[in-house]
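Everything on this sheet refers to the single structure shown next.
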Protein chains: 2
Amino acid sequence: MSSQSISDKQKDLLAAALKLFVQYGFHGTPTSQIAKQAGVANGTLFHYYKTKEDLIVSLYIDIKTRMGQHVEEKAAKDKNPRKDFRNQFIEIILWSLENKDDYYFIQQFHSSPFAALVPTEVIKKQLSKSCAQIEDAIKQKAIKNRDTEFILTLMSSHIFGLSQYLTKAKLADKEQKKIIKDSFDMLWKMIS
Amino acid sequence: MSSQSISDKQKDLLAAALKLFVQYGFHGTPTSQIAKQAGVANGTLFHYYKTKEDLIVSLYIDIKTRMGQHVEEKAAKDKNPRKDFRNQFIEIILWSLENKDDYYFIQQFHSSPFAALVPTEVIKKQLSKSCAQIEDAIKQKAIKNRDTEFILTLMSSHIFGLSQYLTKAKLADKEQKKIIKDSFDMLWKMIS
DNA sequence: ACATTTGTAGAGTGAGCAGTCAATCTATAT
DNA sequence: ATATAGATTGACTGCTCACTCTACAAATGT
C-alpha cells in the first residue's frame with residue numbers, strides 16, 4: 001500500500017489531497033475533486049489507493065517522513081545536548097513555517113479518528129529517535145529526570161504552540177528568529 | 001441560533017453529537033444517528049439547528065462555555081499571580097480529565113475548517129479574561145514581558161500536552177497530582 | 001512479433017446522507 | 001371553547017460520493 005518509490009501521479013495526488021483537505025477538511029473533499037485537481041482520472045486515484053482512508057493515512061505517513069528527513073539533513077549534529085536539541089527545534093519550526101499546509105494537516109490528522117489507523121510499527125519508528133535522544137540527555141543530566149514520554153509531549157506541544165503563534169502573527173524575518181531562539185531558551189529552562 | 005436557555009432535547013442532542021463525533025468524527029456521524037442516539041426524531045434535530053454545521057459550532061460554544069464556567073467557579077482567586085494561575089491551571093487540567101470527550105472535541109474542532117465559523121465576538125470574549133490576566137501579571141513583573149498572545153499560546157499548548165499525556169498514561173491519583181503540580185512549576189519557570 | 005502486466009481513463013452504480021414537508025400533538029393565550 | 005404558535009414526528013427526496021467496471025494504452029518481458 002503506497003510504499004516503495006512514489007510515482008509522479010501519486011505525488012500529484014498527494015499534493016492535491018493535501019491542499020484540499022486543509023481547505024475543506026477530510027469529508028468536505030470528494031475524491032473526485034482530488035483527482036481533478038491532480039489532473040488524473042477518478043479511477044486512477046483508486047488504482048493507487050484502495051480507499052479514501054488509505055489515501056489519507058498514506059498522505060500522513062508521507063508528510064511525516066519528509067519532515068523527518070528534512071530535520072535529519074538540515075539540523076547540525078552536536079555533542080552538547082542543548083545545542084543538539086536547539087538545532088532540531090529550529091529546523092522543525094522553520095519547516096513548519098515553510099510547509100504550513102503539511103503541518104496543519106498533521107494536527108488535523110492527529111485529532112481525527114484516522115489517527116488510530118496508522119500502524120503501530122510506523123508510530124514507534126517515528127518516536128524512537130526522539131525518545132533515545134531524550135533518554136540520552138537525561139543520563140547526561142542535561143535535562144530533568146522525568147518520564148521520556150512526558151518530556152517528549154511537552155516539547156512537541158511547545159513546538160506546536162510556537163508554530164501556531166508564528167503563523168498567526170506574521171512578523172519580519174529578524175523578529176521571527178529572535179522569538180524562535182527566545183522560545184527555545186524558555187523551553188530549555190523548563191526542562192533542564 | 002441555539003442561544004438562550006437550552007431545552008432538554010437540545011441537551012440530549014448535544015450530548016449525543018459529542019459522543020458520536022468523538023468516536024466517528026464529524027463526517028463519520030450522520031445526523032440520523034445523532035437524532036437516534038438522542039432519542040428524538042430526525043426532523044427535531046433540524047428544528048433546533050438549521051444545519052449540521054450549526055449543530056457542530058453550537059456544540060463547540062456550549063462546551064467552551066461550560067469549561068469556562070467550571071474554572072470560574074472552582075478556581076480559588078488569589079492576589080498572587082503565580083497562585084492564581086496555578087489554581088486555574090489545575091482546574092482546567094482536572095476538568096479536561098473528567099471530561100475527556102469534551103476536551104478532545106475541542107481539539108478536533110480547532111484543527112478543522114469549522115473553526116473559522118465561530119463568530120469573532122465569541123472568540124474575543126473567550127480570550128479577553130485570560131489576556132487581561134496575563135497582561136496584569138506582566139505589569140506586576142510576575143511573568144516575562146512578551147506579547148500576550150505568545151504567552152497565552154505557550155500556556156495553552158502546555159496544558160494541552162499535559163492533558164494528552166495524562167490521558168494516555170493512566171496513573172494513580174496521587175501520582176497524577178504530583179505530575180500536575182510539577183508540570184505547572186515547569187511552566188512557571190519557563191514564563192517567569 | 002507477441003504476450004502479459006501495469007497504468008489510465010471516465011462513465012456508471014448503488015448506498016447513504018442532509019435537509020424538507022405535511023401532518024399531528026401540546027401549550028398557552030384569549 | 002377556540003385560536004395561534006411552537007414542538008415533534010418520520011417518511012420522503014434529490015443529490016452527492018466512494019468505489020467499480022470495462023475498455024484501451026503503454027510499458028515490459030520473452
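In what follows, chains are A, B, ... by sequence order, proteins preceding strands, each numbered from 1.
- A/L20 places its CG atom 12 Å from the P atom of D/dC17, with the value rounded to the nearest Å.
- Between A/T31 and D/dA18 there is a side-chain polar atom (N or O) within less than 4.0 angstrom of OP1 or OP2.
- For NZ of A/K177, the number of neighbouring non-hydrogen atoms (other residues, nucleotides, ligands) closer than 6.0 Å is 12 at most.
- OP1 or OP2 of D/dT9 sits under 4.0 Å from a side-chain N or O of B/T44.
- Of the side-chain N and O atoms in A/K9, one or more sit less than 4.0 angstrom from OP1 or OP2 of C/dT8.
- The side chain of A/T51 has D/dC19 as its nearest neighbour among D/dC19, C/dA9, C/dA18.
- Taking the six-membered ring where tryptophan is involved, the planes of A/Y60 and A/F109 are essentially parallel, since the angle between them stays under 30° and well short of 60°.
- Note on A/Y49: every side-chain N or O is 4.0 Å or more away from OP1 and OP2 of D/dA18.
- Checked against a 6.0 Å centroid threshold, the rings of A/Y104 and A/F21 do not count as neighbours.
- The side chain of B/Y48 lies closest to D/dA7, out of D/dT9, C/dA18, D/dA7.
- Taking atom CG of residue B/N42 and atom C1' of nucleotide C/dA22, one finds them 15 Å apart after rounding to whole Å.
- Straight-line distance from the CG atom of B/D54 to the P atom of C/dT20: 12 Å, rounded to whole Å.
- Between the side chains of A/D147 and B/Y165, at least one donor-acceptor pair of N or O atoms lies under 3.5 Å.
- Rounded to an integer number of Å, the gap from CG of A/D8 to P of C/dT6 is 19 Å.
- In terms of phosphate contacts, A/H47 brings no side-chain nitrogen or oxygen within less than 4.0 Å of OP1 or OP2 of C/dT8.
- C/dG7 atom P lies 15 Å from atom CG of A/D12, rounded to whole Å.
- For the pair A/F46 CZ and D/dC21 P, the computed distance is 13 Å after rounding to whole Å.
- Per the geometry, CZ belonging to B/F26 stands 17 Å off P belonging to C/dC17, to the nearest Å.
- The distance from atom NZ of B/K36 to atom C1' of D/dT9 is 16 Å, rounded to the nearest whole Å.
- Using the six-membered ring where Trp is involved, B/H27 and A/F114 have ring planes that are parallel, under 30° apart on the 30 and 60° scheme.
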